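Structure record follows, encoded as structure tokens.
Lettering of chains follows the sequences in order, A, B, ..., and the numbering in each one begins at 1. Worth saying up front: this structure is predicted, and the values here are computed from it rather than measured.
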2 protein chains.
Amino acid sequence: MLLQSIPIKVTLANLKSSCASCALHELCLPMGLSAGDTERLDQIINVRHKTERGDYLYRSGGIFRSLFAIKSGFFKTFSLGDEGQEKITGFYMTGDILGMDAISSDRHHYNAVALEDSMVCEIPFSELEELAGSLPTLAHQFHKLMSREITQDQQHMLLLGKMKAEQRLAAFLLNLSQRFALRGFSSDHFHLRMTREEIGNYLGLTLETVSRTFARFQAEGILQVNHRDVTVKDSARLAALLDHYEPA
Amino acid sequence: MLLQSIPIKVTLANLKSSCASCALHELCLPMGLSAGDTERLDQIINVRHKTERGDYLYRSGGIFRSLFAIKSGFFKTFSLGDEGQEKITGFYMTGDILGMDAISSDRHHYNAVALEDSMVCEIPFSELEELAGSLPTLAHQFHKLMSREITQDQQHMLLLGKMKAEQRLAAFLLNLSQRFALRGFSSDHFHLRMTREEIGNYLGLTLETVSRTFARFQAEGILQVNHRDVTVKDSARLAALLDHYEPA
DNA sequence: CGAATGTTTGAACCCTTTCAAAGACGGTGG
DNA sequence: CCACCGTCTTTGAAAGGGTTCAAACATTCG
């Protein structure tokens with residue numbers, strides 16, 4: 001497991017707008033920073049946005065100035081082909097950082113849109129780099145977050161390049177489950193924020209195949225599916241579908 | 001076998017393998033650094049390895065200490081399933097940096113093996129971070145390189161998730177072609193360092209499909225294929241296969 | 001030269017896609 | 001509050017692109 005933190009429950013009490021009091025402390029950029037250093041980070045995060053479902057955080061081709069940390073909510077990132085076809089590159093939730101692909105060229109290569117009402121912290125990148133220059137712990141944590149994005153993208157390549165539909169959906173659900181658990185939510189009962197089409201798009205399948213695979217999992221007693229509410233009834237069997245894809 | 005670290009002092013005698021005189025200056029980590037700063041970077045890159053075809057640079061699960069910059073040669077990175085099935089995550093050539101996925105957990109998640117005799121510069125990561133703390137240009141260039149890896153991985157997801165066999169091979173060949181061109185080699189005639197099986201593995205296809213698609217491209221006059229020597233005879237038509245996948 | 005590795009080509013099969021139509025849900029406005 | 005409409009989902013049947021299995025051929029290297 002990449003993060004070794006104890007699951008954190010997000011409550012109203014700690015939704016105050018500073019890194020120091022943020023529940024995501026241990027998932028996000030401030031991880032490992034002292035109180036004083038967290039305060040310094042706080043000072044460059046001068047904007048905290050409320051975004052509504054459907055709002056764009058950034059668009060492909062737009063100038064890159066800031067990274068965005070998700071304080072609460074759910075996003076998808078995607079590219080658009082020249083005829084409007086969407087290709088989803090990732091789903092991001094509480095504590096995740098968006099926009100790291102844009103550093104290389106000062107422009108965003110993808111779009112990011114909220115799938116539900118969300119709160120995000122805008123982190124001006126040049127100021128982050130400057131601060132990281134004097135806070136080695138911050139620099140290291142930032143490198144770890146970028147590195148984790150690389151690892152996750154490469155794992156997704158494995159999924160797209162080698163797995164059958166059942167395994168793709170199983171891997172997707174287990175991944176979501178683990179990420180929810182890490183954030184203090186139930187790992188075996190959760191609500192999907194995306195449509196079947198978006199799931200299929202992300203997994204390299206059609207929406208029909210996703211729908212049929214959900215139906216099969218339900219028939220086999222692995223899942224209980226009610227529209228977008230999923231209950232994992234037999235996580236062992238779900239995980240067993242991924243045998244042979246575990247790292248050796 | 002693991003390569004052993006033997007510090008080498010930078011002297012006039014081996015100046016030819018210093019960053020300052022390296023042809024990859026503009027592709028690699030030193031990009032944008034002053035002569036003096038490049039010298040400082042040079043001093044932490046105390047090992048330059050000669051690796052032979054088949055040598056491992058690192059293995060999945062191994063402790064992460066260093067990044068590796070390819071001075072010359074060609075590598076593949078891959079994961080191994082629990083029954084030995086390989087999944088190739090990338091091909092890397094001159095000027096590319098290997099090992100960035102390992103920063104997040106201090107362990108390598110993938111394997112890296114040379115597909116031809118190569119030369120690599122080993123960059124102790126903790127020293128790189130330390131130096132980057134006092135050289136903002138170096139830090140920024142490093143961030144750009146990590147970011148580029150993310151962008152490229154996500155583009156590969158698009159390929160694996162949406163494209164047909166012909167488009168995958170076309171995208172693969174065009175990508176190789178552009179990378180060779182950037183390094184001063186011919187963009188329309190080059191030698192493949194990998195087998196059909198490795199290409200297929202990387203593209204999410206079987207070796208048979210790769211072979212058949214090469215044959216079709218040749219029959220259509222798009223390519224001239226001789227074993228592993230490829231000549232692009234109609235790059236416009238090759239690129240046209242990727243219409244609709246251009247960023248909007 | 002012989003064995004191992006890599007490549008080509010053919011034919012049958014299968015998983016997923018594509019096309020189609022009906023059903024369920026949720027939001028909006030009357 | 002309910003009817004309506006757009007969006008999303010389910011399910012069926014047919015078609016297709018790629019895989020799988022198989023065999024022959026080429027190439028490389030000890």
Where along nucleotides 17-30 of chain D does protein come under 4.0 Å, by heavy atom, of base (B) or sugar-phosphate alone (S), with - for untouched nucleotides?
SSBBBB----S---
Side-chain N,O (A:Arg196) to OP1/OP2 (D:dT7) below 4.0 Å:
no
Would you tell me if any nitrogen or oxygen in the side chain of A:Arg168 comes within less than 4.0 Å of OP1 or OP2 on C:dT16?
no
Atom CD of A:Glu197 and atom C1' of C:dT16 are separated, to the nearest Å, by 16 Å
Looking at B:Glu197, I want to see if its CD is surrounded by more than 12 non-hydrogen atoms of other residues, nucleotides or ligands under 6.0 Å.
no
Here the gap from B:Ile222 atom CD1 to B:Thr231 atom OG1, rounded to the nearest 0.5 Å, amounts to 14.0 Å
What is the distance, rounded to the nearest whole Å, between atom CZ of B:Phe217 and atom P of C:dT8?
14 Å
Could you measure the distance from the CE atom of A:Met100 to the OG1 atom of A:Thr77? Nearest 0.5 Å is fine.
10.5 Å
Taking the six-membered ring of A:Phe91, is the NZ or CZ of A:Arg193 close enough (under 6.0 Å from the centre) and on axis enough (within 45°)?
no
I need the CG-P distance between A:Leu160 and C:dT16, as an integer number of Å.
13 Å
Figure out the CG/P separation between A:Leu169 and D:dT9, and round it to whole Å.
13 Å
Side-chain donor-acceptor pairs under 3.5 Å in residues 149-159 of chain B, sequence neighbours left out?
from     : atom 1 : to       : atom 2 : distance (Å)
B:Glu149 : OE2    : A:Gln154 : NE2    : 3.4
B:Glu149 : OE2    : B:Tyr92  : OH     : 2.7
B:Thr151 : OG1    : A:Asp101 : O      : 3.0
B:Thr151 : OG1    : A:His109 : ND1    : 3.3
B:Thr151 : OG1    : B:Ser147 : O      : 3.2
B:Asp153 : OD2    : A:Gln154 : NE2    : 3.3
B:Gln154 : NE2    : A:Glu149 : OE2    : 3.4
B:Gln154 : NE2    : A:Asp153 : OD2    : 3.3
B:His156 : NE2    : B:Tyr202 : O      : 3.0

Output the rounded distance in Å from CG (A:Leu203) to C1' (C:dT17).
15 Å
What is the separation between atom CZ on B:Arg193 and atom C1' on C:dG6, rounded to the nearest whole Å?
18 Å
D:dC8 P sits how many Å from A:Ile199 CD1, rounded?
13 Å
Taking atom P of D:dT10 as reference, at what distance in whole Å does atom CZ of A:Phe214 sit?
8 Å
Step through the shown structure and confirm whether more than 12 heavy atoms of other residues, nucleotides or ligands are within 6.0 Å of CZ on A:Arg228.
yes
